[in-house]
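Positions are given from 1, in the same order as the sequence printed here. None of the values given here were measured: they were computed from a predicted structure.
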Amino acid sequence: QVQLVESGGGLVQAGGSLRVSCAASGRPFSTYSVGWFRQAPEQEREFVAAITWNGRGTYYADSVKGRFTISRDNAKNTVYLQMNSLKPEDTAVYYCAAHYGGGVVTESSRYGGWGQGTQVTVSS
């Protein structure tokens with residue numbers, strides 16, 4: 001099984017940047033893809049970005065494309081989400097999770113090992 005722990009959230013002004021991290025333990029890190037999701041108050045959890053086990057494949061939601069970058073360091077068992085040009089609508093709790101199949105997928109039901117989340121708040 002995989003255990004994931006998010007960190008790096010905080011308060012930032014609109015237009016600013018923030019990097020959140022997802023540290024993994026348990027199952028060998030290079031055997032699964034990782035996705036980032038977010039959930040704002042009273043809204044459903046939504047897909048943000050995902051990366052394949054070797055980092056060669058990435059996929060982004062249209063709402064963050066061109067502003068967010070997902071990456072991974074398999075030597076450190078960590079996935080990162082670099083968020084630039086942040087907007088108030090990016091405010092949410094950000095979660096990472098593992099997908100044990102190949103490739104990248106956007107459905108949250110296909111992910112496991114969810115972390116506890118990290119709060120990102122963007123002020124206007």
Side-chain angles (χ1 to χ4, degrees):
Q1 295 298 322
V2 174
Q3 293 81 42
L4 301 172
V5 178
E6 302 92 340
S7 63
L11 174 64
V12 63
Q13 290 188 333
S17 298
L18 202 62
R19 187 179 78 164
V20 291
S21 301
C22 172
S25 60
R27 177 170 172 160
F29 188 60
S30 60
T31 62
Y32 52 89
S33 303
V34 174
W36 280 99
F37 292 76
R38 65 187 182 187
Q39 187 167 19
E42 301 183 357
Q43 295 188 19
E44 293 187 354
R45 189 169 299 186
E46 66 172 352
F47 172 80
V48 175
I51 189 166
T52 55
W53 68 272
N54 58 6
R56 294 177 183 173
T58 58
Y59 189 77
Y60 298 90
D62 287 342
S63 59
V64 306
K65 199 173 296 182
R67 300 188 298 123
F68 290 12
T69 302
I70 189 171
S71 62
R72 67 190 293 161
D73 185 338
N74 285 357
K76 296 183 178 179
N77 289 0
T78 303
V79 171
Y80 305 98
L81 185 67
Q82 177 67 44
M83 303 181 289
N84 299 328
S85 302
L86 282 161
K87 305 175 181 179
E89 50 264 43
D90 293 318
T91 295
V93 177
Y94 283 70
Y95 300 90
C96 61
H99 171 60
Y100 305 125
V104 292
V105 297
T106 63
E107 300 87 353
S108 61
S109 60
R110 300 180 67 179
Y111 285 82
W114 293 87
Q116 83 291 345
T118 185
Q119 176 71 48
V120 172
T121 303
V122 184
S123 63
S124 57

Handout entry: Heavy-atom check, side chain of Val79 versus side chain of Phe29, under 4.5 Å
Key =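 Side-chain contact under 4.5 Å: yes.
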Problem - Lys NZ or Arg CZ of Arg45 over Phe37 ring: under 6.0 Å, within 45° - result: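 Verdict for Phe37: no cation-pi partner in Arg45.
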Exercise for the section: Considering only NZ, NE, NH1 and NH2 on the basic side and carboxylate oxygens on the acidic side, decide whether Lys87 and Asp90 come within less than 4.0 Å. Expected result: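 Between Asp90 and Lys87 there is no salt bridge, as every charged N stays at least 4.0 Å from the carboxylate O atoms.
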Main-chain N/O of [Y] paired with [X] side-chain donor or acceptor, under 3.5 Å:
{"X": "Ser33", "Y": "Gly103", "result": "yes"}
{"X": "Tyr60", "Y": "Ile70", "result": "yes"}
{"X": "Glu6", "Y": "Gln116", "result": "yes"}
{"X": "Arg72", "Y": "Ser30", "result": "no"}

Quick check: closest heavy atoms across [X] and [Y], and the distance to 0.1 Å?
{"X": "Thr118", "Y": "Gly9", "value": "OG1-N, 3.0 Å"}
{"X": "Tyr32", "Y": "Ala24", "value": "OH-CB, 3.3 Å"}
{"X": "Ala40", "Y": "Thr91", "value": "CB-O, 3.7 Å"}

Which distance, rounded to the nearest 0.5 Å, do you find between the [atom1] of [X] and the [atom2] of [Y]?
{"X": "Asn54", "Y": "Thr31", "atom1": "CG", "atom2": "OG1", "result": "12.0 Å"}
{"X": "His99", "Y": "Ser109", "atom1": "NE2", "atom2": "OG", "result": "10.0 Å"}
{"X": "Phe68", "Y": "Arg38", "atom1": "CZ", "atom2": "CZ", "result": "5.5 Å"}

Practice task
Give the cluster check for Tyr111 versus Trp53: same hydrophobic cluster or not, with ILVMFWY residues linked at side-chain heavy-atom distances below 4.5 Å.
Solution key: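 No; Trp53 is not reachable from Tyr111 via cluster members.
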